[in-house]
2 protein chains.
Amino acid sequence: MNVNVIATGHTKFGKDPRDIGDIMVDACNQALTIISIKEIDAIYIANFSSSFSNQCHLPAVLASKLNIHTEITRVESACASGGLAIKEASIAIRSGIYDKILVVGAEKMTSMLSGHTNGIIARAADQEEINHGTTFPGLYALMAKRHFFEYGTNEEHLAKIAVKNHKNALKNPNAQFHKKISIDDVLTSANVASPLKKYDCSPISDGAAALVMCSSKTAKKYSDSPIKLIGIGHDVGGIELYKRKEITKMPSVVNAAKKAFNMAKVTAKDIDVAELHDCFTIAELIEMEDIGFCKKGNGKQMIENGATEIDGTIPINPCGGLKAKGHPLGATGVSQAVEIVKQLQSEAKERQIATADIGLCCNVGGSGGSAVISIFSR
Amino acid sequence: MNVNVIATGHTKFGKDPRDIGDIMVDACNQALTIISIKEIDAIYIANFSSSFSNQCHLPAVLASKLNIHTEITRVESACASGGLAIKEASIAIRSGIYDKILVVGAEKMTSMLSGHTNGIIARAADQEEINHGTTFPGLYALMAKRHFFEYGTNEEHLAKIAVKNHKNALKNPNAQFHKKISIDDVLTSANVASPLKKYDCSPISDGAAALVMCSSKTAKKYSDSPIKLIGIGHDVGGIELYKRKEITKMPSVVNAAKKAFNMAKVTAKDIDVAELHDCFTIAELIEMEDIGFCKKGNGKQMIENGATEIDGTIPINPCGGLKAKGHPLGATGVSQAVEIVKQLQSEAKERQIATADIGLCCNVGGSGGSAVISIFSR
């Protein structure tokens, strides 16, 4: 596939006092150091909801802030918006209509009371499920309960995921949390929706991440180390848990992974490093299995033997994941790609994986209603 | 350009008791009579805001309602979302990656109190302008005031646009209003933001519109009268009126028109029928001039001599326009295309234009922050 990433930008996730426009512009400007905005043919913005910041029409906001007239499209598929923006940009480049595209994902979530924030996040779920009193922690808690019942996974396995991601985030200056935690810290933290506790849940965050994508020919002009997008899979299916045959897997992730591997002509065994969508610790575990890093139910063994640690056989979320790096919803899918690009360019500094030739991102919307999986290569 | 429309769907605009998912599905199913959902490769959804219906993640909602797994992308650029979905679908088809695409635009606006509705619509504007107390009627009123001052346009010219669009809507069964009005009715209607009165403003509406788009080769298999998309122009610029050199034109419309005409290799003179974005009557007038149907300031003469009537030299908004057909924000751009396709297929029944070979849609976001112009041909 004739699509490359030549530059990246990333704000520090967490509470950011700036408005969403300025946060977006910061990430864009970081990515625009080797190429000027005037050379960019089109822009794709990923953003979850205008309700957090009282601002939709972000294409016009960004045009105004950057003082440009160009073609700008916002895309949304809940928390999979970032991956979706990368997909739409890749289609635009493959069409030959555009050559150089800026992708930016952004969210500003900390400007309202947390009760309101959770209400807005809940809009990504089936409204019948929400009206019956559940929330996203509740939906993922159901998935965890069933996984425990069917496969013998337990709270300690999930706690180990949180501990790993917090440990990794210590080496990421852009992470929201720089706080080492223990398994006991997780297990004794406040209950959110049993078996998920506070440290099983990703936080409320502000932040933005950006990429410049272009054709291979153009990539060589701008960069000595362009990273190739070699596969991208997208799938959207039913949003409701109660309609699924099994709730221990996410069919959209299974389908998107299949498509991405087919396109990239690689298998799960070829992946050197992965960024998974750990909105909750159980999500990282389920995705490991759905993507095929192990069989369904065997995720717990990988966690037990340290396979997903930075020095393991398949490091997962070296940046700290949504759990510890933060989860500004629309930014997350783009942020995952930024990390994989840095790893493949050997520019991930303290958190650099030893051998990183091929990397994967898994970006999920809602309780698995939509998913985008992208595979990058040196 | 190898992109065609082979089927359309359209709900009756107005107050619709169904939820946004069911409204979307209705329009989709109407468009899916000559092709089945299983044959569709990807879907693009246009929607303005999740706040009206408390539901974002519409891709997953639609997948659930249609009981499918596929690739679904929501796009948004305020009220230009519908045109934008058509543009993204056209890129996807031109890329060769997808062949058959369903485009659906939808909005459910009547489910909340009107004060809240207006607050949500205002998110499409610059928040500084809004915080200083203006609203969309106020912004367009400023544009009208200045147009009056510079070019001698007056309230009666605007009233004539409303009267024409209400007259046209009488012949459109899907229109929200079937009510003939007089110039006097407009001039004596309640003041909204001087010089704009109630009948200068488009209403709050629910509704959806859908298109099936595909390559030329595929189009011939399904339809005897496919309509070709021959040009599409997209531009996004500054959102704020106070930063514009002139407020009597919308630079994004000027730029998008230029791009669309270049791509289609036609000029404004070649257009037989047009659907313009008359969110307010002044917008129809300004767009007539910005697209080049006449010189800046000469729109009033076209109105005076009836050029834009159904039997005029360049009929504008034969369906009733946003003013009388209704304006469910995300649906509007797609609805415009449905009307142009019907006109070019000679299937517009009572409101059929005599000679309709080439038609144009102008879909605008905010106070001209973004615009998509598409040109269709038999």
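Heavy-atom basis, side chains included; hydrogens, waters and symmetry copies ignored. Reminder, nothing fancy here: chain letters follow the sequence lines and each chain counts from 1.
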* Structure fact -> For A:His57 and B:Gly366 the tightest heavy-atom approach is CE1-N, 3.7 Å
* Asked: So which of A:Gly369, A:Ser370, A:Gly96, A:Ala124 has the largest heavy-atom pair count under 4.5 angstrom toward chain B?
  -> A:Ala124
* Structure fact -> Cut-off 4.5 Å, heavy atoms of chain A, and the answer for B:Lys65 is neither
* Relative to chain B, which of A:Gly365, A:Ala42, A:Ser49, A:Gly237 shows the most heavy atom pairs under 4.5 Å? -> A:Gly237
* **Crowding at CG, B:Asn67 (>12 non-hydrogen neighbours, <6.0 Å)** => no
* Asked: Can you name the closest pair of heavy atoms from B:His234 and A:Ile72 and give their distance?
  -> CE1-O, 3.2 Å
* To do: Sort A:Ile91 into side chain, backbone, both or neither according to what part of it lies under 4.5 angstrom from a heavy atom of chain B.
  => both
* **Residue among B:Val61, B:Ile45, B:Thr70, B:Ile130 with most heavy-atom pairs under 4.5 Å to chain A** => B:Thr70
* To do: Against chain B, label A:Asp235 side chain, backbone, both or neither, depending on which of its atoms sit under 4.5 Å from a heavy atom there.
  => both
* B:Glu76 side chain vs A:Thr73 backbone, donor-acceptor pair below 3.5 Å -> no
* Pick from A:Gly238, A:Cys56, A:Cys79, A:Ala63: which one has the most heavy-atom pairs with chain B under 4.5 Å? -> A:Cys56
* Structure fact -> Applying a strict 4.5 Å limit to non-hydrogen atoms, the region of A:Ala125 in contact with chain B is backbone
* Asked: Which is it for A:Ile239 and B:Gln55 under the side-chain contact (heavy atoms from CB on, under 4.5 Å) test, yes or no, and what are the steps along the way?
  -> CA-CA 12 Å; A:Ile239 191 174; B:Gln55 180 70 68; 4.3 Å; yes
* Quick one: pull up CD1 in A:Ile97 and CE in B:Met263 and give me the separation to the nearest 0.5 Å. => 7.0 Å
* Asked: Is there side-chain contact between A:Val75 and B:Glu88, with at least one heavy-atom pair below 4.5 Å?
  -> no
* Asked: For A:Leu84, is it the side chain, the backbone, both or neither that has a heavy atom under 4.5 Å from a heavy atom of chain B?
  -> side chain
* **Any residue meeting salt bridge (charged side-chain N to carboxylate O under 4.0 Å, His left out) with B:Glu107, in chain and number order, not counting sequence neighbours** => none
* **Residue among A:Glu240, A:Lys259, A:Lys243, A:Arg94 with most heavy-atom pairs under 4.5 Å to chain B** => A:Arg94
* B:Lys100 atom NZ, neighbour heavy-atom count above 12 within 6.0 Å -> yes
* Looking just at side-chain N and O atoms, do A:Ser53 and B:Arg123 make a donor-acceptor pair shorter than 3.5 Å? -> no
